[in-house]
Amino acid sequence: MISPLAYVHPDAKIGENVTIEPFAYVEGDVVIGDDCWIGPHAIIYNGARLGKGNKVHPGACIACLPQDLKFAGEETTAVIGDYNDIRECVTISRGTASRGTTIVGNGNLLMAYVHVAHDDVVGSHCVIANRTSLAGEVEVGDWVVIGGHSAVHQWCKIGDHSMIQGGSLVRQDVPPFVTMRETGSYAGINKLGLQRRGFTAEQIEAIHNTCRIIFQSDLNFTNACNEVENTLPQSPERDYILKFVREEDPTAFITVGSVMGVYGQGFDALNKL
């Protein structure tokens, strides 16, 4: 149902069973998939590509012009997957010439006033709480939780299954499976989150033991990785973390109380190691 009080450009491609409430605004170069709900006063700008089952709440803006001085009006997109809940006054910018698109995956909850900047990549099943701001070209993995009033510096990468406490200033990459304090320091693994997602006790123990050596010992980058390999049983979780650590610049490696620059490529990759 499209309200007669909404504006929908005739060139917009609207799927089946889509509801567009009064005073919503939809431009022409837009695709909205089946079963979406577009709330009152929501704005869907040119370049928006929405999958199915999304809810866009009042005041939210999708495919806004990038807040980037290098943007020169190039044709870019903001691609939104399926079944996302995009709450009030969320802003999602479209891409720039750098990457060409901003991507939000499936099943995410973006709470009120979240900002997703140009060329960001947000994975699936994330919860990003109120007033969190992601700067440009940030990458967020799957199953990430970011507490409210947090800010993420441009080009940072946040690994899968990580938890960032509210009010955090994220200045560098956050490894997978860990909890980060608001001060930017390592606070242990995200044990509760992993339990909720079906990780076994053995998997969680492997992650804990690996992170304990890497993040909380006095060993340097190379020796910490060697110590993990020499003392801990082989497991997909252990090897997964080591792979990310070794791919990073050693100068970004954490010491006690800081966060290492490591990015998780997805827990599904465990089966490929």
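Note that this is a predicted model, so its numbers are computed, not measured.
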Backbone of [Y] reached by a side-chain donor or acceptor of [X] within 3.5 Å:
X: S124; Y: G105; value: no
X: D120; Y: A117; value: yes
X: D82; Y: N106; value: no
X: E237; Y: A206; value: no
X: N54; Y: N84; value: yes
X: T76; Y: G100; value: no
X: T231; Y: E227; value: yes
X: D160; Y: D142; value: yes
X: S3; Y: L5; value: yes

With sequence neighbours excluded, residues passing ring pair (Phe, Tyr, Trp, His ring centres under 6.0 Å) with H115: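 Result, ring pair (Phe, Tyr, Trp, His ring centres under 6.0 Å) vs H115: none returned.
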Assess, by modelled atom type and distance only, whether the side chains of [X] and [Y] contain a donor and an acceptor separated by less than 3.5 Å.
X: H57; Y: D85; result: yes
X: S98; Y: T96; result: no
X: T77; Y: T101; result: yes
X: N17; Y: D34; result: no

Which atom of G147 lies closest to which atom of T132, heavy atoms considered: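 So the minimum-distance heavy-atom pair works out to O-OG1, 3.0 Å.
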Atom of I204, atom of K191 and distance for their closest heavy-atom approach: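 Closest approach of I204 to K191: CG2-CG, 4.1 Å.
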Can you confirm whether [X] sits close enough to [Y] that some side-chain heavy atom of one is under 4.5 Å from a side-chain heavy atom of the other?
X: I213; Y: L232; answer: yes
X: I86; Y: I80; answer: yes
X: I146; Y: L134; answer: yes

In terms of heavy-atom contacts, does [atom1] of [X] have more than 12 from other residues, nucleotides or ligands at under 6.0 Å?
X: E75; atom1: CD; value: no
X: E16; atom1: CD; value: no
X: E205; atom1: CD; value: no
X: R197; atom1: CZ; value: yes

Remaining members of the apolar cluster that contains Y7, side-chain heavy atoms under 4.5 Å: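 ILVMFWY cluster around Y7 also holds Y25, I43, Y45.
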K70: partners by salt bridge (Lys or Arg N to Asp or Glu O under 4.0 Å), with sequence neighbours left out: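 Expected list: D68.
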Residues which pass salt bridge (Lys or Arg N to Asp or Glu O under 4.0 Å) with R99, listed by chain and number, not counting sequence neighbours: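 Expected list: E137, E139.
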Under-4.0 Å salt bridge between D29 and R49: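 The answer is yes: the pair qualifies as a salt bridge.
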H161 and F199 aromatic ring geometry - parallel, tilted or perpendicular at 30°/60° bounds: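 Correct class here is perpendicular.
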Salt bridge (charged side-chain N to carboxylate O under 4.0 Å, His left out) contacts in which one or both residues fall within residues 88-98, not counting sequence neighbours: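 Sorted result for residues 88-98: empty, none.
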Passing option when S162 is tested against V144, V145, T179 for side chain to side chain contact (heavy atoms under 4.5 Å, CB included):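 Of the listed residues V144, V145, T179, the side chain to side chain contact (heavy atoms under 4.5 Å, CB included) partner of S162 is V144.
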Results of side-chain hydrogen bond (donor to acceptor under 3.5 Å, both in side chains) for N130 - residues two or more places apart only: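 With sequence neighbours excluded, N130 shows a side-chain hydrogen bond (donor to acceptor under 3.5 Å, both in side chains) to no residue whatsoever.
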